[in-house]
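Throughout, protein chains are lettered first and strands after them, A, B, ... in sequence-line order, and every chain is numbered starting at 1.
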Number of protein chains: 2
Amino acid sequence: MALRYAILGLLLDRPSSGYDLAGRFADVIGAYAWDAKHSQIYPELRRLDQEGLVEVVDRGARRRTTYRCTGEGLTALRAWLMAAPTSTGGVKNEHALRLFLLGVLEPEEALEVLRQTEAGARGKVQDLEAEFAALQERTGSASGGPLGLTVQLGIHSFRATAQWARWASEQLGADADLDRSRADQCGSGSSAG
Amino acid sequence: MALRYAILGLLLDRPSSGYDLAGRFADVIGAYAWDAKHSQIYPELRRLDQEGLVEVVDRGARRRTTYRCTGEGLTALRAWLMAAPTSTGGVKNEHALRLFLLGVLEPEEALEVLRQTEAGARGKVQDLEAEFAALQERTGSASGGPLGLTVQLGIHSFRATAQWARWASEQLGADADLDRSRADQCGSGSSAG
DNA sequence: GATCACATGTAACTAGTTACATGATTAA
DNA sequence: TTAATCATGTAACTAGTTACATGTGATC
């Protein structure tokens, strides 16, 4: 069910074709909220159309079909957003899982993954900060409008990841140093737990 | 494929039965990395056993079967962790999606959701901080050992969410105030975009 | 001896991915 | 005219959820 609300939300921001939506999923929203492929998007758009939650506003070249969210669609989306999130549909985040399991790697391996993680996260933060500045200018609002909230959520999340990666690297480095000095003293190897 | 590595990681921390694993998924790891139900866990454990990545170490009362990760299992997990994460298996996070779409709600509604979000996140931070302190004491290490990394990732993530929710509330409040003062001046209602 | 938590299993369904397939338009 | 990109579609598969089903051991 989440897919349809993700689609409605994207269409509410701006009318789009299935192809557009696939791109937008792969882009921003797919990175930390919800992802979907075109093979799932097209049938769902047809279903939403049948149910009156979206409507076709344009048929362009190459069979391009542009959809818009209807009033009924907005109502449905709002109802879903306000509904008590009782069923916390289980999270599936492969990237987070990798970080979660870092402890099983040797310190040097883990440090390499952490370096990549931190660099990637800082890159994302920069991208999103530029996007936020553009939004502030475009909307003439310090908050960047509705989309600004979203972008800031991304900034906060990636910054937290980067800061954690930095902290974790320092801990691993310190532990490795400790291991080395122990090894120097005792003449015995070391290992992770 | 992610499920099996999540299982191997959990078993590496400590041997467990399928029932135990289901609980641990529902608990920590399921909250921000990967979730799984028992109906998926049991068959996967049998497959992993056939492939030699886990082994049965105990059969207790009530058919309870305890598994342990084998050396082969550890090798497989490490290989997966070190593999370039080319295929960024799409994120599925319903909670993040809701936050992502907050902009479509009326300010008062959004504020209510943000309040709940902030309170929930701060609660999680407190829980995890207590867990981290316990880990520090148990491991005698400032980093809390391998599990400490994981717990800190959770702390950083939830703190970021709480901070964002606070910021977003202030923005919405300010926008609402602005709307009200405009309405006072112009005698006309307001609406979100 | 009833009830509850423990512990596992399976069948039917829904969601999501991969791979294959087709045709239209644009740019070289 | 060839290749690349746009744009949609479907079939076969894998992953994951929900619901049903069964029996065990502890506690009251």
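A residue-by-residue look at Q40(A) and A61(A) shows that A61(A) has its nearest nucleotide of DNA chain D further toward the 5' end. Between M1(A) and R63(A), the residue anchored closer to the 5' end of DNA chain C is M1(A), taking for each the nucleotide with the nearest heavy atom.
Comparing dG9(D), dC6(D), dG16(D) by their nearest atom to the side chain of W34(B) picks out dG16(D). Picking from dC6(C), dC6(D), dT10(D) the nucleotide with the shortest atom distance to the side chain of S39(A) gives dT10(D). The Y19(B) side chain lies nearest to dC6(C) when the options are dT8(D), dT18(C), dC6(C). When the nucleotides dT8(C), dC6(D), dG16(D) are ranked by their closest atom to the side chain of L3(B), dG16(D) comes out on top.
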For L45(A) and L21(A), run side chain to side chain contact (heavy atoms under 4.5 Å, CB included): C-alpha distance rounded to whole Å, both residues' side-chain angles, the deciding distance at 0.1 Å, then the answer. CA-CA 10 Å; L45(A) 277 171; L21(A) 289 173; 4.0 Å; yes

I'd like to know whether R64(A) forms a side chain to side chain contact (heavy atoms under 4.5 Å, CB included) with D20(A), so could you lay out the CA-CA distance, the side-chain angles of the two residues, the decisive distance to 0.1 Å, and finally the verdict. CA-CA 10 Å; R64(A) 179 191 181 89; D20(A) 290 337; 2.4 Å; yes

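Rounding to whole angstrom units, NZ of residue K37(A) and C1' of dT8(D) are separated by 17 Å. dT10(D) atom C1' lies 16 Å from atom CG of L45(A), rounded to whole Å. Atom pair R62(B):CZ and dA26(D):C1' shows a separation of 7 Å (rounding to whole Å applied). Rounded to whole Å, the distance from OH on Y42(B) to P on dC20(D) is 19 Å. Whole-Å rounding puts the R64(A) CZ to dG23(C) C1' distance at 16 Å. Look at CD on E44(A): it is 16 Å from C1' on dT10(D), rounded to the nearest Å. Rounded to whole Å, the distance from CZ on F25(B) to C1' on dT17(D) is 15 Å. Between I41(A) atom CD1 and dT10(D) atom C1' there is a gap of 15 Å when expressed in whole angstrom units.
Using a 4.0 Å heavy-atom cutoff across all strands shown, R46(B) reaches sugar-phosphate atoms only and no base atom.
E129(A) is listed as a side-chain neighbour of I155(A), based on a closest heavy-atom distance under 4.5 Å.
When every heavy atom of V113(B) is checked against every heavy atom of M82(A), the shortest pair comes out as CG2-SD, 4.2 Å. For the residue pair R98(A) and A83(B), the shortest heavy atom distance occurs at NH1-O, 3.4 Å.
Between K92(B) and dT17(C), a side-chain N or O to OP1/OP2 separation shorter than 4.0 Å is present.
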